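Only a predicted model underlies this, so the values are computations on that prediction, with no experimental measurement involved.
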Amino acid sequence: MEALKRVEEALKAYRECVEQEASQYGPEYERVTFMEWEAPAPDPCAEAFQGLVDAVRAYEALGGSREDLDLGGYRARVYRALSKG
């Protein structure tokens, strides 16, 4: 299913973005990511996360169940974003 592939690709992109930022900022990662969420400038990981949410939403629209997706540690965060609409 093409929609499932899009979810997997979006998850990979988001995971790689988070890992890159975590290695770049080290112990300051939490503080820096909080500031990025509050800043008006675009954040690549926030955009990657929105891409993941959009991919899951498209997957569900085609009849897929989010319960079937392996979202790992991001599951709760993705579900919260989906519930916000």
Side-chain angles (χ1 to χ4, degrees):
M1 175 187 263
E2 185 65 29
L4 178 58
K5 185 176 178 179
R6 282 187 288 173
V7 170
E8 291 168 350
E9 290 171 353
L11 178 60
K12 181 179 182 233
Y14 179 61
R15 183 177 288 133
E16 288 173 354
C17 186
V18 169
E19 289 171 359
Q20 180 181 3
E21 280 197 345
S23 69
Q24 180 180 358
Y25 297 119
E28 295 291 310
Y29 174 71
E30 294 294 325
R31 185 180 65 80
V32 169
T33 55
F34 176 76
M35 289 181 349
E36 286 177 341
W37 280 98
E38 297 294 318
D43 171 15
C45 288
E47 292 173 12
F49 179 75
Q50 186 59 50
L52 174 57
V53 171
D54 292 343
V56 171
R57 190 171 283 126
Y59 176 77
E60 289 182 315
L62 292 172
S65 171
R66 68 176 75 167
E67 303 300 324
D68 296 335
L69 300 174
D70 182 13
L71 300 173
Y74 305 117
R75 177 181 296 273
R77 187 167 178 218
V78 169
Y79 283 14
R80 278 192 307 272
L82 289 167
S83 70
K84 291 180 182 178

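- Under the side chain to side chain contact (heavy atoms under 4.5 Å, CB included) criterion, Ser23 pairs with no residue, sequence neighbours left out.
- In the displayed structure, Gln20 atom CD is contacted under 6.0 Å by at most 12 heavy atoms of other residues, nucleotides or ligands.
- Across Cys45 and Val18, no two heavy atoms sit closer than the pair SG-N, 3.7 Å.
- Remark: Phe49 CZ to Asp54 CG distance equals 10.0 Å, nearest 0.5 Å.
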Cut-off 3.5 Å, no hydrogens considered: what does the side-chain donor-acceptor table look like for residues 57-64, sequence neighbours left out?
{"residue": "Glu60", "atom": "OE1", "partner": "Arg66", "partner atom": "NH2", "Å": "3.4"}
{"residue": "Glu60", "atom": "OE2", "partner": "Arg66", "partner atom": "NE", "Å": "2.5"}
{"residue": "Glu60", "atom": "OE2", "partner": "Arg66", "partner atom": "NH2", "Å": "3.2"}

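- Residues Leu11 and Leu52 share a closest heavy-atom pair of N-CD1, 3.7 Å.
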Determine whether Leu4 and Asp68 satisfy the following criterion, side-chain contact (heavy atoms from CB on, under 4.5 Å), listing intermediate values before the conclusion. CA-CA 10 Å; Leu4 178 58; Asp68 296 335; over 6 Å; no
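- Counting non-hydrogen atoms of neighbouring residues, nucleotides and ligands closer than 6.0 angstrom, the CG atom of Asp70 reaches no more than 12 such neighbours.
- A distance-only check finds no donor-acceptor pair linking the side chain of Arg6 to the backbone of Val56 [under 3.5 Å].
- The closest side-chain heavy-atom distance from Arg77 to Arg80 is below 4.5 Å.
- Between Lys12 and Glu8 there is no salt bridge, since none of the side-chain N atoms of the basic residue sits less than 4.0 Å from a carboxylate O of the acidic one.
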